[in-house]
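When reading the values below, keep in mind they use all heavy atoms of this one structure, side chains included, and skip hydrogens, waters and symmetry mates. Nothing fancy with the numbering, it's 1 onward along the sequence.
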Amino acid sequence: MAGWGAGLRFSVGTLSVFPVRVDRVDREVAGQAMVLAPAVGLALGSVSCLPLLVPGSGLLEAALALGLLTVLTRALHLDGLADLADGLGSGKPAAQALDIMKKSDIGPFGVVTLVLTLLAQAAALAEAGPVALLAACVTGRLALTWACAVGVPSARPGGLGDMVAGTVRRRTALLVTLAVVAVAALAGVLLSRVVLPLAVLAGLGAALALLHHARRRLGGITGDVLGALVETATAAVLVACALLS
């Protein structure tokens, strides 16, 4: 694991507010970071679920947990979700949609998408509980592993998307996915939550569907697309856990 230390630091530094020293940044390290992203998701979820450990947790505690997660991620993924919604919602050609996504303001598509996504996440989390949040956080970052697989191009030069695009071997992404599903299945058996592996697959499927659409419309990934994938997978896992439990 010593050879992956730089990748772990890059992953933690990029995906969280946890203070780390990132002293090497290149495509090899970026690929390692995206492979290790689900582990960072597990750490984020472990901290974020603390408000849910209060007896009788409900919608308020779920909102607090999601708020804590937002702080721990600097709200970068939510920002990406809003920007992608504005870009895709504009109906403009790829170049113009990408320009819209680069703007600092949020348009109506972004606002509505944020409100509906957070509402769905909070309502589902209030029903599903802390274990579901752990699974959701891990799956959200697993979506990054697949978004950065070989064959997925960057939509434009420069930025995080260009740095990480195509840096993960598909075989590696598959192995990481199998590991996540296996752990979810084991946790499901131990905690009598057999829905967990199904929820993980549902969340990953939702993210991959969005990735396919973004590639078709924009030509590839950007940092905003990556953020949107995280939030989409997170919401899908929580909703699946709430509906299937």
Show me, pair by pair, the donor-acceptor contacts under 3.5 angstrom made by side chains of residues 59-72, not counting sequence neighbours?
{"unit_1": "E61", "atom_1": "OE1", "unit_2": "G58", "atom_2": "N", "d": "2.7"}
{"unit_1": "T70", "atom_1": "OG1", "unit_2": "L66", "atom_2": "O", "d": "2.9"}

Do any side-chain atoms of residues 38-55 form donor-acceptor pairs under 3.5 angstrom with protein atoms, and if so which ones, sequence neighbours left out?
{"unit_1": "S46", "atom_1": "OG", "unit_2": "L42", "atom_2": "O", "d": "2.7"}
{"unit_1": "S48", "atom_1": "OG", "unit_2": "L44", "atom_2": "O", "d": "2.8"}

Please output the side-chain donor-acceptor pairs of residues 124-138 that fall under 3.5 Å, not counting sequence neighbours, one pair per line with the distance.
none

Could you pull out all donor-acceptor pairs under 3.5 Å where a side-chain atom in residues 203-213 meets a protein atom, sequence neighbours excluded?
{"unit_1": "H213", "atom_1": "ND1", "unit_2": "R216", "atom_2": "NH2", "d": "3.0"}

Please list every donor-acceptor pair under 3.5 Å in which a side-chain atom of residues 237-245 meets a protein atom from a residue at least two apart or in another chain.
{"unit_1": "S245", "atom_1": "OG", "unit_2": "C241", "atom_2": "O", "d": "2.3"}

Could you list the donor-acceptor pairs under 3.5 angstrom formed between side-chain atoms of residues 171-188 and any protein atom two or more places apart in sequence or on another chain?
{"unit_1": "T177", "atom_1": "OG1", "unit_2": "W146", "atom_2": "NE1", "d": "2.7"}
{"unit_1": "T177", "atom_1": "OG1", "unit_2": "A173", "atom_2": "O", "d": "2.8"}

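Judged purely by atom type and a 3.5 angstrom limit, T14 has no side-chain atom pairing as donor or acceptor with the backbone of S11. In this structure a side-chain-to-backbone donor-acceptor pair under 3.5 Å is present from R156 to L98. With T113 contributing its side chain and G110 its backbone, the two residues share no donor-acceptor pair below 3.5 Å. Of the possible donor and acceptor atoms, none in the side chain of R24 sits under 3.5 Å from a partner among the backbone N and O of V29. Remark: side-chain polar atoms of T145 are paired, donor with acceptor, to backbone N or O of M34 under 3.5 angstrom. For R217 (side chain) and A97 (main-chain N/O), no donor-acceptor pair under 3.5 Å exists by modelled atom type.
Looking only at side-chain heavy atoms (C-beta outward), M101 and L84 come within less than 4.5 Å of each other. L8 is not listed as a side-chain neighbour of W4, based on a closest heavy-atom distance of 4.5 Å or more. At least one side-chain heavy atom of V25 sits under 4.5 Å from a side-chain heavy atom of M163.
Clustering of Ile, Leu, Val, Met, Phe, Trp and Tyr by side-chain heavy atoms under 4.5 Å joins L81 with L78, I106, V111, L114, V115, L118. Grouping Ile, Leu, Val, Met, Phe, Trp and Tyr by side-chain contacts under 4.5 Å, direct or through others, puts V112 with L116.
A salt bridge (charged side-chain N to carboxylate O under 4.0 Å, His left out) check over residues 180-197, counting only residues at least two apart or in different chains, returns nothing. Pairs of residues two or more places apart, or lying in two chains, never qualify as side-chain hydrogen bond (donor to acceptor under 3.5 Å, both in side chains) while including a residue from residues 101-112.
Qualifying salt bridge (Lys or Arg N to Asp or Glu O under 4.0 Å) partners for R9, counting only residues two or more places apart in sequence or in other chains: D23. Take D99 and apply the side chain to side chain donor-acceptor pair (under 3.5 Å) test, not counting sequence neighbours, and it matches no residue.
Note: L15 CG to L76 CG = 9.0 Å, rounded to the nearest 0.5 Å. Rounding to the nearest 0.5 Å places OG1 of T222 at 9.0 Å from CG of L160. L144 contributes atom CG, which lies 11.5 Å from atom OG1 of T139 (distance to the nearest 0.5 angstrom).
Both V17 and V12 belong to a common hydrophobic cluster when Ile, Leu, Val, Met, Phe, Trp and Tyr are linked at side-chain heavy-atom distances under 4.5 angstrom. In the hydrophobic clustering of ILVMFWY residues, with side-chain heavy atoms under 4.5 Å counting as a link, V22 and V164 come out together. Both L218 and V152 belong to a single network of hydrophobic side chains, linked directly or stepwise wherever heavy atoms of I, L, V, M, F, W or Y lie under 4.5 Å apart.
Around atom CZ of R169, no more than 12 heavy atoms belonging to other residues, nucleotides or ligands sit under 6.0 Å away.
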For this session: Begin with the C-alpha distance, continue with both residues' side-chain angles, and end with the deciding distance and a verdict on side chain to side chain contact (heavy atoms under 4.5 Å, CB included) for T73 and V230.
Result: CA-CA 11 Å; T73 58; V230 171; over 6 Å; no

For this session: For side chain to side chain contact (heavy atoms under 4.5 Å, CB included), just list the numbers for R141 and H77, CA-CA rounded to whole Å, side-chain angles, deciding distance to a tenth of an Å, and then say yes or no.
Result: CA-CA 11 Å; R141 281 74 193 168; H77 307 317; 3.4 Å; yes

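Of all the heavy atoms in A149 and R170, the pair that sits closest is CB-CG, 4.0 Å. Shown here for A33 and F10, the closest heavy-atom pair between the two residues is CB-CD2, 3.3 Å.
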